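Note that this is a predicted model, so its numbers are computed, not measured.
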Number of protein chains: 2
Amino acid sequence: MGDEPGLRERKKQRTRQALSDTAIELFLKRGFDQVSVADVAAAVEVSKPTLFRYFPTKEDLALDRIADHQGEAARVVSGRTAGQSPLGALRAHFHERLEAHDPVTGLNDNAIVRAFNDMLYTTPSLLARLVRYSHRDEELLAGALEETGGSGGLTARLAAAQIITVHQRLAEENWRKLASGRTVADALPEAHADADRAYDLLGAGLMEQYA
Amino acid sequence: MGDEPGLRERKKQRTRQALSDTAIELFLKRGFDQVSVADVAAAVEVSKPTLFRYFPTKEDLALDRIADHQGEAARVVSGRTAGQSPLGALRAHFHERLEAHDPVTGLNDNAIVRAFNDMLYTTPSLLARLVRYSHRDEELLAGALEETGGSGGLTARLAAAQIITVHQRLAEENWRKLASGRTVADALPEAHADADRAYDLLGAGLMEQYA
DNA sequence: GCCGAAAACGCAACCGAGTAACAAAAGATT
DNA sequence: AATCTTTTGTTACTCGGTTGCGTTTTCGGC
């Protein structure tokens, strides 16, 4: 019953990791569009078809590093402490991530993370792929919300869509702050305030402002 | 000072139209991925580079027909009657479009429109391109909302993002209804109810349900 | 330790989207 | 009619992604 991965599996993991690492390194150094998949394959000493056996598209090659965040929002809702509301849990979690300078919040000035975010937000095809990822996130979140017995399926889907969208815009806003040269320390209080503003809006609706 | 379009301009318009029409016809008949841009160019008796001088990507070629809806939400807000709230104007407008069976609502069972929507929602690259269109829509709407003096820039952007997202989900929901074989007449009342539900949610927030 | 089945890989050729360079044609201008 | 400008066609190329096929590598049972 020795259930260790086995040699084959370990090699695959290593190849996969090498591809992702090398790709990101090259992308950050020369720019996403200035690096061909053939370049990456050559650098890892692997054939082009092999590369595509690991990653379905060039974009996935670049986004692998953030793919494990899949379903985070759903997990936060499902795993919230008793007596906590879904929205409350999400809000608290976002503030936590902000405090931890989690790259997903857009608020992180590690050089590599910043370069990565810059690449993300300035490369249309990556942004498009990212949208597909968040679409999956949205479905998962909708599922989790429906579990709470809150309301019908449509309501859950609408709520999930709004929440995921707002997260994206908050991250984008934070990235913009840093892109204009500010430091994390400087922008952090504002980021918290923005998040509160966003969650107040999500919770209480747009009526006060726009009706 | 005769300012009529001139022969050259007229020819260009006609070529552009022919490209879009022929492309959509072929796409609907054989499927987006089963038609190459070379096929379209050949059918219009135009060279491939010429085609790309009119449409930057294959996707734009397919989406040209719906491109004129750009900025509709923003126009509704800017052009609302005095005393009407932005949210109220958008809600009323959506109900109107629903009643008119406007394709943008997803609720239209004309054979061609349905085939077009099916193509849209089942072709990832088209969906991705559509996302970019709505991103522009969102910016325009955010601008219009800011004009109303409602609130700060971030609030306007968040509100715009939520509104556009909700529109998309409503259209998707309506498309789903028809895709499962129902008729417009049958689904229309539900679609109105869904829209009201969505706008209630937008206006009053998610608090009642999820907090 | 050996051997057969699977899995993974490399190679080479291919397809389709999109672009560049330059020459040819057609509309506009005087 | 001669000229200038805009648009077009041709050819050839790059790059992302796929396919077919033969070869190597690992795994499992013996």
Using atom [atom1] of [X] as one end and atom [atom2] of [N] as the other, report the distance to the nearest whole Å.
| X | N | atom1 | atom2 | answer |
| --- | --- | --- | --- | --- |
| B:L51 | C:dG18 | CG | P | 9 Å |
| A:R10 | D:dT26 | CZ | C1' | 12 Å |
| A:K11 | D:dT24 | NZ | P | 15 Å |
| B:R8 | C:dA28 | CZ | P | 6 Å |
| A:E9 | C:dA7 | CD | P | 12 Å |
| B:R129 | C:dA17 | CZ | C1' | 13 Å |
| B:R14 | C:dG27 | CZ | P | 11 Å |

**Message:** Within residues 22-45 of chain B, which residues have any heavy atom lying less than 4.0 Å from an atom of DNA chain C?
**Reply:**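 Correct list: B:V35, B:S36, B:V37.
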
Electrostatic pair [X]:[Y] at N-O distance under 4.0 angstrom:
| X | Y | result |
| --- | --- | --- |
| A:R65 | A:D21 | yes |
| A:K177 | A:E173 | yes |
| A:R91 | A:D200 | yes |
| B:R75 | B:D137 | no |

**Request:** Taking all heavy atoms of B:G203 and all of B:L87, pick out the closest pair and write down the distance.
**Result:** CA-CD2, 3.7 Å

**Message:** Within the structure provided, determine whether B:L28 and B:E25 are in side-chain contact (heavy-atom separation under 4.5 Å).
**Reply:**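 Not in contact.
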
**Message:** It should be established whether A:T50 places a side-chain nitrogen or oxygen under 4.0 Å from OP1 or OP2 of nucleotide C:dG10.
**Reply:**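 So the side-chain polar atoms of A:T50 do come within 4.0 Å of the phosphate oxygens OP1 or OP2 of C:dG10, strictly under.
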
**Message:** Ring of A:F52, cation from A:K58 - is the NZ or CZ under 6.0 Å from the centre and inside 45° of the axis?
**Reply:**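 The answer is no, since A:K58 fails at least one limit relative to A:F52.
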
**CD-OG1 distance between B:E96 and B:T105, expressed to the nearest 0.5 angstrom** =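 Separation between the atoms: 12.5 Å.
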
**Prompt:** Residues from residues 52-63 of chain B sitting under 4.0 Å of DNA chain D, heavy atoms only?
**Reply:** B:R53, B:Y54

**Request:** Start with the C-alpha gap between A:R157 and A:E139, add the side-chain angles, then the distance that decides, and say whether salt bridge (Lys or Arg N to Asp or Glu O under 4.0 Å) holds.
**Result:** CA-CA 7 Å; A:R157 277 203 297 282; A:E139 287 172 6; over 6 Å; no

**Request:** Tell me which nucleotide among D:dT18, C:dC9, D:dG9 gets nearest to the side chain of A:K48.
**Result:** D:dT18

